Amino acid sequence: MTGPLVPFREVVLKVHSRCDLACDHCYVYEHADQSWRTQPRAISDDVIFRTAQRLAEHAKTHALPSVSVILHGGEPLLAGPARLRRVCEELTSAFDGVAELDLRIHTNGLQLSPRYLDLFDEFGVRVGISLDGDRAANDRHRRYADGRSSHPLVLKAVELLHQERYRHLDLGLLCTVDIRNDPHAVLDALTELEPPLIDFLLPHATWDDPPPRPDGSPTAYADWLLAVFDRWQEQGRQVPVRLFSSVLSTLSGGPSLTESLGLAPTDLVVVETDGRLEQVDSLKSAYEGAAATGFDVFTHTFDEVAGHPGVRARQLGLAGVGETCRRCPVVRTCGGGLYTHRYRSDGPSGAFDNPSVYCADLFALVRGIEARTTAELVAPAVTGAAGAAAAQLDLDRTLLARLNADIGRRGGAEWEAAWELAAAVEASEEGARALDEVLALPYARGWLLGALGSVHERPGAVRAARRLSAYLAAAVVRGGLDLPVPVDLSDGGLFLPGLGGLRVTDAGERGTGVLRAAGDGFVVRPEGGGTELRVVRPAEPGPGWRPLRRLTVPGAASGPVLDDADPFRDCFPVPAAAPLDDRTAARLGAGIVEAWTLIGAKAPARAAEMADRLTTLTPLTGLDPAEPAVGRHGPGALGISVDGGAEELAFALLRGFRRAELQALVDVTDLYAADGSWEHRMPWQEEPVPFSRLLADTYERMALGAFEPNFLEGVPEALDMLEGAAEVTVGGKRLLDLMRKEI
């Protein structure tokens, strides 16, 4: 198997191989692999020492920031406080100066006492307790060998762990599902204990030994879990439930939060009490020796185990699931299910190259949660123009706050003064609105991203401060605020984003000045003397003042501006044109108006959308007239060629507006995930492409189709492919639904 080695970040350390309960659903004692019978009861000093050394060596080799070690069994508390102290001391000593050590213990809780918890508090060992619900549910499986109930003692353990001095050690409750139990009663009993987390696990089963289904339903486990989910929703999600949180995360494009779901490669290894190194021990449910690797901590490194074929098979992500699963639209969320649950001794493609024995349940569970939560999972940006604009503004404000945090002292007095001025601008309703307007300008995003990339250098921080002052000056002018703004006069002038440029001193000179709003315009007074310049009407040219040219286009109350002056406009794949002379600007403007008129005649709905949201056109050089350019900026702006006829410009406007719209959505929400893991054939070309390309081409062709109907050929088929793809998130599905209605 190829691919880089995936280091282990989680280790299950078996400190005791026997248990004080006789749970009939336990994979260690009741399933196919009975190797526990030959294991030492307790882990030895030698195994503890070698495990600690090997694991620290592994962490150092791979520069791991942290490693989790889970003390397990059997029942780990049977090892006794002295042995557990030895384990904690050896691991803590070995990891000192190497990596952070995250110690945990999973227990049935029967032996838990202050003596143990004081030890765990000393070493930061967090405690997870197994509990299957109320007494009736818990006693169905979790009993003593003589049939006695374990429930009262488990509740005492939870109560002890919830004492104020120990509560910080609480990891939560682990519950194994039994569909014969009342799902509401189980959840109610668990949430009543107020754990920090609840983890539901499907009982380990394989195709050779399938899970019980009393009513024969292929989705009985999904139905049970969805009943729990509904109750969880009714309760206001009082306690996080890992299984549900993982499904919700992946539906929105995020990562899986549990090993039992998702496509993330496994990074877990098991150390038995005799020092043998094994794969995840749920494999003991498959067959005798299924978890074995043939390695041990005395003679082998953890890297050797990571290279074992069985371990590598669980690190292949999508390539590690069978063909049926790879074609399934929910595989990105379910990941083919837990590896153990795929086992089938007579599998046609291999023992584990099968769908999960819970396949129908997982599909129904994912689709059920999706149907119940789509409205809350879909980002506002996908629901309409207002939501998209708000999401974009929120992103810019977040970037600005991050810039302030990153600059810190590097920006010096200049940045501090600009940041204080920003607070003053926002103090009034007019100022806050004006600041939102300037942050929404197309090249604010490019400035913020560039500044974030250079703030580790003091010159970059100073430049960021000067640019912020320019945006604040533009906000002061827009809002008519009575606030003095220190401004940087670079090359003898000042550019106010979204408004225009002012020549203050001779070209080539640098200096500073102070800007104030005055009536509908503003005045700038150079520091250290010089003539004060006044701009009475910012929309009109005046002495030293060159406003951005605004176009008058059909159907738009305020047409887009031709921005050929913003110093941050050069954010496209091709160079920005030099400032246009009046003749060139007039010719280009007339071509744009004619192109807009053509679009309005053939596709009035598209023209109306553009009139509402297209704010800025930036002339570029070396660009095909029919091709637009979309750069790293916010929505509402396009780069266009200075040449070309009206029809070419019409295609450029339609294409570019659509591309910019889609990029703006991708900037603020996850429409898809795992892009590139699958390939799709577009109806209009043979070459396979990733999901992102199929979506972009389909989205664009829909706009062009209103102008030239032949572009719509193949679009319905493309939408079918997109809707059935595994990459699409709930937000992406909402967009596809809107696209379907659009055509």
Side-chain angles (χ1 to χ4, degrees), residues 411-439 441 443-444 447 459 461-550 558 561-569 578-582 585:
E414 198 165 0
W415 176 265
E416 186 176 342
W419 193 252
E420 289 178 358
L421 179 61
V425 169
E426 280 206 296
S428 67
E429 184 177 337
E430 297 83 357
R433 183 170 56 249
L435 185 58
D436 283 347
E437 289 173 0
V438 297
L439 286 176
L441 292 170
Y443 309 118
W447 158 61
V462 172
R463 286 193 297 272
R466 291 171 180 166
R467 184 64 176 170
L468 177 58
S469 293
Y471 276 99
L472 294 174
V476 163
V477 173
R478 287 171 178 264
L481 307 177
D482 185 20
L483 288 172
V485 185
V487 290
D488 182 57
L489 306 178
S490 177
D491 196 24
L494 167 68
F495 184 81
L496 297 180
L499 296 174
L502 180 68
R503 172 69 58 192
V504 179
T505 61
D506 292 336
E509 293 185 11
R510 292 190 63 90
T512 58
V514 177
L515 177 145
R516 284 183 177 275
D520 292 334
F522 62 93
V523 296
V524 175
R525 177 182 298 166
E527 293 284 355
T531 304
E532 179 180 278
L533 288 182
R534 179 179 294 270
V535 176
V536 179
R537 286 178 288 277
E540 300 176 6
W545 173 245
R546 181 178 178 271
L548 296 178
R549 300 176 179 91
R550 186 168 295 279
S558 179
V561 296
L562 272 181
D563 193 341
D564 59 345
D566 193 313
F568 280 78
R569 73 189 185 280
L580 305 180
D581 58 51
D582 289 341

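The structure presented is a predicted model; accordingly, all values stated were derived computationally and were not measured. Nothing fancy with the numbering, it's 1 onward along the sequence.
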Check your understanding: Is any NZ, NE, NH1 or NH2 atom of the basic residue among Asp564 and Arg569 found under 4.0 Å from an Asp or Glu carboxylate oxygen of the other?
Key ->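 No, Asp564 and Arg569 are not salt-bridged.
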
Practice item. Considering only NZ, NE, NH1 and NH2 on the basic side and carboxylate oxygens on the acidic side, decide whether Asp563 and Arg550 come within less than 4.0 Å. Key: no

**Study point:** Donor-acceptor under 3.5 Å (Tyr471 side chain, Leu435 main chain)
**Key:** no

Review point. Less than 4.5 Å apart, any side-chain heavy atom of Val487 and any of Val514?
Key: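 No, too far: nothing below the 4.5 Å cut-off.
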
Practice item. Check whether any side-chain heavy atom of Val485 lies under 4.5 Å from a side-chain heavy atom of Arg516, and answer yes or no. Key: no

Minimum heavy-atom separation for [X] to [Y], with atom names?
{"X": "Ala470", "Y": "Pro497", "value": "O-CD, 3.5 Å"}
{"X": "Leu580", "Y": "Arg549", "value": "O-NH2, 3.2 Å"}
{"X": "Leu481", "Y": "Ala475", "value": "CD1-O, 4.4 Å"}
{"X": "Pro547", "Y": "Pro538", "value": "CB-O, 3.2 Å"}
{"X": "Glu430", "Y": "Gly479", "value": "CB-O, 4.2 Å"}
{"X": "Leu496", "Y": "Ala473", "value": "CD2-CB, 3.6 Å"}

Rounded distance [0.5 Å steps], [atom1] in [X] versus [atom2] in [Y]:
{"X": "Arg466", "Y": "Trp415", "atom1": "CZ", "atom2": "CH2", "answer": "13.0 Å"}
{"X": "Leu472", "Y": "Leu483", "atom1": "CG", "atom2": "CG", "answer": "9.5 Å"}
{"X": "Leu562", "Y": "Leu548", "atom1": "CG", "atom2": "CG", "answer": "9.0 Å"}
{"X": "Leu441", "Y": "Leu499", "atom1": "CG", "atom2": "CG", "answer": "8.0 Å"}
{"X": "Arg546", "Y": "Leu502", "atom1": "CZ", "atom2": "CG", "answer": "12.5 Å"}
{"X": "Asp488", "Y": "Leu468", "atom1": "CG", "atom2": "CG", "answer": "12.5 Å"}

Exercise for review: Using salt bridge (Lys or Arg N to Asp or Glu O under 4.0 Å) as the criterion, list what pairs up with Asp436, not counting sequence neighbours.
Suggested key: Arg397

Exercise for review: Assess whether side chain to side chain contact (heavy atoms under 4.5 Å, CB included) is satisfied between Leu494 and Val524, documenting all intermediate values.
Suggested key: CA-CA 9 Å; Leu494 167 68; Val524 175; 4.2 Å; yes

**Study point:** Test side-chain contact (heavy atoms from CB on, under 4.5 Å) applied to Glu532 - qualifying residues, sequence neighbours left out
**Key:** Val523, Arg525, Arg534

Exercise for review: Begin with the C-alpha distance, continue with both residues' side-chain angles, and end with the deciding distance and a verdict on side chain to side chain contact (heavy atoms under 4.5 Å, CB included) for Leu533 and Arg503.
Suggested key: CA-CA 9 Å; Leu533 288 182; Arg503 172 69 58 192; 5.9 Å; no

Check your understanding: For atom CG of Asp482, is the number of surrounding heavy atoms from other residues, nucleotides or ligands below 6.0 Å larger than 12?
Key ->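 Incorrect, the count does not exceed 12.
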
Check your understanding: According to the ring-ring contact (aromatic ring centres under 6.0 Å, His included) rule, which pairs have a member within residues 530-550, sequence neighbours left out?
Key ->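 Sorted pair list: Phe522-Trp545.
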
